[in-house]
Amino acid sequence: MERTSMPEGFDAGDTAFVLTSAALVMLMTPGLAFFYGGMVRVKSVVNMLLMSFISLGIVSVLWVAYGYSLAFGEDVGGHGLLGDLSNVGMSGISDTTLTGSIPVLAFAVFQMMFAVITPALISGAIADRAKFGAWMLFVALWVTVVYFPVAHWVWQSDGWIFKLGVKDFAGGTAVHINAGMAALGALLVLGNRVGFKRESMRAHSLPLVMLGSGLLWFGWFGFNAGSALAANGTASVAFLNTQVAAGAGMIGWLVWERVRKGGFTSLGAASGAVAGLVAITPACAVVNTWGAIAIGIIAGVVCAWAVSLKDRFGYDDSLDVVGVHAVGGFVGTLLIGVFDLTDGLVAGAGGGQLLKQAIGAFAVAAYSLALSWLLVKVIDVTIGFRVRRSDEVTGVDQILHTESAYNFGTVTAYEAPFGTTDEEAHRPAVQQWAGGTYNGPSTH
């Protein structure tokens, strides 16, 4: 087989690094599925897993069909709003076409994985109550009219947010604020779950939550360090800052939890780490290690506080997408204006960068909230987005997928103390699992 001759400037090491990073980012979507799947009740686990996994299918196809071209094609009209369709079906791009030191195809597949996970993040806000077919349609429409244009604004050199000078190294605006505000728009249309604030809606499996958060943490190194698009010093800075911010976020959340609730929880540890990862994403290459630690701690505390607001204001953000991703994205994006080594307040450069960061963050937030609300509303009015009340009570796994995550008939759910009768031994297990609910560890 004849080998393709690569043009001058190609770097095999950088290419291998970016492709490996793309694989790590791909792993984050199954990781997210486990993270969310552990946080829902037993009767919704399969549905929650699939709402993340389906994004791998839908978005991957749409990305090569036209998504890459809309996001990274030449700007239409010179307004920095949308790319053209010159690369539809990846036309005009060969295996020897380079961007920097890597093939454009390597860059495209790396960015594909960002596009895949972003709508999957939204799903946690509407757990337990969405029709799966409606969700599939929403994912296809949302990436087309929201994600692809926003990616162009933020990351393409002729995008209006990029040209404004807003710094977003790996997706604080395009991914996390975008997904978090879309989640808010979706839940405002669909409303609260049946039994919200009246019934226990605790996480059914903390081991799954911890496994999912670990996979997310692992994949995040590809997410952030890979955004350097080269195996260089910038990637090293991003990698180190990602690790310490996640650790600091975990500590910040747990301290808040201990002060406010009197104890440390595994769910809080996992959520705090994710909050730190979200916040450091836009800033990982522009702050030093101390700045990363500060961002992580602040994000852990602020996101933990933000999550507590849903009970006060009565909106059912099922798995805290708004509190962690939207709020964490805002924290990291705005704190670039404070801790940036060249343009931040700490560096003595004034507030100009902070203002730019705020403009970019709020513009993405407003656009995503408005368009996402409209998309969910249109789908709900036309084909229906929310399942029937009786189906929600029964459980979406059985109704929508004719499956269940666990076969309880072959699992011993409870070990009785010595000396109890058979009837007494089985009663707690029946009480726990009856109706597909689990009265186990608490969510936030």
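Computed from a predicted structure; not experimentally measured.
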Item to complete: Dump the intermediate steps for side chain to side chain contact (heavy atoms under 4.5 Å, CB included) on Leu121 and His176, then the final yes or no.
Response: CA-CA 8 Å; Leu121 292 171; His176 296 293; 4.1 Å; yes

Worksheet item: Quick one: side-chain contact (heavy atoms from CB on, under 4.5 Å) partners of Ala283, sequence neighbours excluded?
Response: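 Scan of Ala283 (side-chain contact (heavy atoms from CB on, under 4.5 Å), adjacent residues dropped) gives Ile280, Val286, Val287, Ile295, Ile336.
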
Worksheet item: Sequence neighbours excluded, which residues qualify as side-chain contact (heavy atoms from CB on, under 4.5 Å) partners of Ile379?
Response: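 Listed in chain order: Ala134, Leu137, Phe138, Leu141, Ile383, Phe385.
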
When rounded to the nearest 0.5 angstrom, what is the spacing between [atom1] in [X] and [atom2] in [Y]?
X: Ile399; Y: Thr394; atom1: CD1; atom2: OG1; result: 5.0 Å
X: Asp84; Y: Ser69; atom1: CG; atom2: OG; result: 5.0 Å
X: Leu188; Y: Lys377; atom1: CG; atom2: NZ; result: 10.5 Å
X: Leu82; Y: Asp75; atom1: CG; atom2: CG; result: 8.0 Å
X: Ile54; Y: Leu50; atom1: CD1; atom2: CG; result: 7.5 Å
X: His152; Y: Ile161; atom1: NE2; atom2: CD1; result: 11.0 Å

Main chain of [Y], side chain of [X]: is a donor-acceptor contact present, judged purely on distance under 3.5 Å?
X: Ser52; Y: Leu49; answer: no
X: Asp320; Y: Val324; answer: no
X: Ser368; Y: Val364; answer: no
X: Thr242; Y: Ala238; answer: yes
X: Ser227; Y: Phe223; answer: yes
X: Asn178; Y: Val150; answer: no
X: Asn87; Y: Ser91; answer: yes
X: Trp63; Y: Ala108; answer: yes
X: Asp397; Y: Asn47; answer: yes
X: Gln156; Y: Gly80; answer: no

Just wondering, do [Y] and [X] contact through their side chains at under 4.5 Å, heavy atoms?
X: Ile251; Y: Ile297; result: no
X: His79; Y: Trp160; result: no
X: Val76; Y: Leu81; result: no
X: Val104; Y: Tyr68; result: yes
X: Val116; Y: Val25; result: no
X: Leu211; Y: Phe35; result: no
X: Val301; Y: Val255; result: no
X: Asp317; Y: Tyr315; result: yes

Where do [X] and [Y] come nearest, in terms of heavy atoms and distance?
X: Val378; Y: Thr382; answer: O-OG1, 2.7 Å
X: Pro282; Y: Val278; answer: CD-O, 3.5 Å
X: Leu164; Y: Ile359; answer: CD2-CG2, 3.7 Å
X: Gly165; Y: Gln357; answer: O-OE1, 4.3 Å
X: Val237; Y: Ala285; answer: CG1-CA, 4.4 Å
X: Ala299; Y: Ala279; answer: CB-CB, 3.4 Å

Compute whether any side-chain donor of one residue and acceptor of the other, for [X] and [Y], lie under 3.5 angstrom apart.
X: Glu74; Y: Ser86; answer: no
X: Tyr406; Y: His204; answer: yes
X: Thr173; Y: Asp168; answer: yes
X: Gln243; Y: Trp217; answer: yes

Practice prompt. Could you name each residue pair satisfying side-chain hydrogen bond (donor to acceptor under 3.5 Å, both in side chains) that touches residues 116-130, not counting sequence neighbours?
Written response: Arg41-Asp128, Ser44-Asp128, Asp128-Arg193, Arg129-Ser318

Item to complete: State yes or no: are the ring centers of Tyr147 and Phe114 separated by less than 6.0 Å?
Response: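 No, the ring centres sit 6.0 Å or more apart.
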
Item to complete: Please work out whether the ring planes of Phe330 and Phe362 are parallel, tilted or perpendicular, with thresholds of 30° and 60°.
Response: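 Rings of Phe330 and Phe362: tilted, as their planes differ by 30° to 60°.
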
Fill in: Plane angle bin for Phe239 and Phe221 - parallel if under 30°, tilted between 30 and 60°, otherwise perpendicular
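Because their plane-to-plane angle is under 30°, the rings of Phe221 and Phe239 count as parallel.
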
Worksheet item: In a check of ring pair (Phe, Tyr, Trp, His ring centres under 6.0 Å) between Trp153 and each of Tyr367, Phe162, Phe72, which one passes?
Response: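 In the set Tyr367, Phe162, Phe72, the residue that makes a ring pair (Phe, Tyr, Trp, His ring centres under 6.0 Å) with Trp153 is Tyr367.
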
Fill in: Basic-acidic side-chain contact under 4.0 Å: Lys167, Asp340
yes

Discussion item. What verdict does the side chain to side chain contact (heavy atoms under 4.5 Å, CB included) test give for Val321 and Ile122, after you've listed the backbone C-alpha separation in whole Å, the side-chain angles of each residue and the deciding distance to 0.1 Å?
Written reply: CA-CA 7 Å; Val321 182; Ile122 303 168; 5.7 Å; no

Worksheet item: Can you list the steps and then say if Ser372 with Trp142 is a side chain to side chain donor-acceptor pair (under 3.5 Å)?
Response: CA-CA 7 Å; Ser372 301; Trp142 188 84; 2.8 Å; yes

Worksheet item: Please walk me through it: do Glu257 and Thr265 pass side chain to side chain contact (heavy atoms under 4.5 Å, CB included)?
Response: CA-CA 8 Å; Glu257 217 172 38; Thr265 68; 2.7 Å; yes

Fill in: Stepwise side chain to side chain contact (heavy atoms under 4.5 Å, CB included) test for Val18 and Phe107
CA-CA 7 Å; Val18 171; Phe107 172 76; 5.7 Å; no

